[in-house]
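Counting from 1, the numbers follow the sequence of the chain as shown.
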Amino acid sequence: MAWTHPEGRSAGKLLQCEKPTAFRKMRAKLVSRQVRYCVHWQRVEAAEAAGRDQNRISSSLERRVRSTAAREAVRLRSQGRCEDPDCLLADLPYRTAAGQPLLEIDHIDDHAQGGRDHPSAMIALCPNCHAKTCGRDRSALRERLRGVAQALDVAVVQQE
């Protein structure tokens, strides 16, 4: 089955794949991005044709309840700004539907793994800085943000 673009454009011989599984036998570094796209595109088309694109699974999750008060305290402490000192955005251009600054209130230590649900262990991050918490340097970032959150928490508590 040859790959054809949804708009009807031919993918050419380079993008023609005999089987969707052919990609698994190739080394990713040797296969172009277009060929990999072609293979994944074919898998999606095959799933849709077989009616597997609307599959659902039933699951029962148990997770810790997050404190609304802790979340709101961090939001107030941030004053609508990203609390990462290395953030490149002085004023956040991102807004919620209600017009509020779009901030991710993040637990420095993963809440699901037992991290503390307390403002001193949480930090407000813009979407860009929040994405870094999943990156390669997340351990160093986590330690740096822990100190920032604790210092901000102390500063706000001592103001009162």
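For Q79, the CD atom is loosely surrounded, since the number of other residues' heavy atoms within 6.0 Å does not exceed 12.
Looking at every heavy atom in both residues, A124 comes nearest to S78 through CB-CB, 3.6 Å. Closest heavy-atom contact between D153 and S120: OD2-CB, 3.3 Å. Considering every non-hydrogen atom in both C126 and L89, the closest pair reads SG-CD1, 4.3 Å.
For R142 (side chain) and R138 (main-chain N/O), no donor-acceptor pair under 3.5 Å exists by modelled atom type.
Side-chain contact between D84 and I123 is absent, with no heavy atoms from C-beta onward closer than 4.5 Å. Side chains of V148 and P85 form a contact here, defined as non-hydrogen atoms less than 4.5 Å apart.
Of the inter-residue distances, the one linking N128 atom CG with H130 atom NE2 reads 11.5 Å to the nearest 0.5 angstrom. M122 contributes atom CE, which lies 8.5 Å from atom CZ of R77 (distance to the nearest 0.5 angstrom).
Using a 4.0 Å cut-off between a side-chain N of Lys or Arg and a carboxylate O of Asp or Glu, D86 and R144 qualify as a salt bridge.
Residues passing the side chain to side chain donor-acceptor pair (under 3.5 Å) test with R95: none are found, sequence neighbours excluded. V44 meets the side-chain contact (heavy atoms from CB on, under 4.5 Å) test with E48; sequence neighbours excluded.
Linking Ile, Leu, Val, Met, Phe, Trp and Tyr whenever their side-chain heavy atoms come within less than 4.5 Å puts L125 and L152 in one cluster.
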Report all side-chain donor-acceptor pairs from residues 98-115 shorter than 3.5 Å, counting only partners two or more places apart or in another chain.
residue	atom	partner	partner atom	Å
H107	ND1	R66	NH2	3.2
H107	NE2	D117	OD1	2.7
D109	OD1	R146	NH1	3.3
D109	OD1	R146	NH2	3.1
D109	OD2	R146	NH1	2.6
D110	OD1	A112	N	3.3

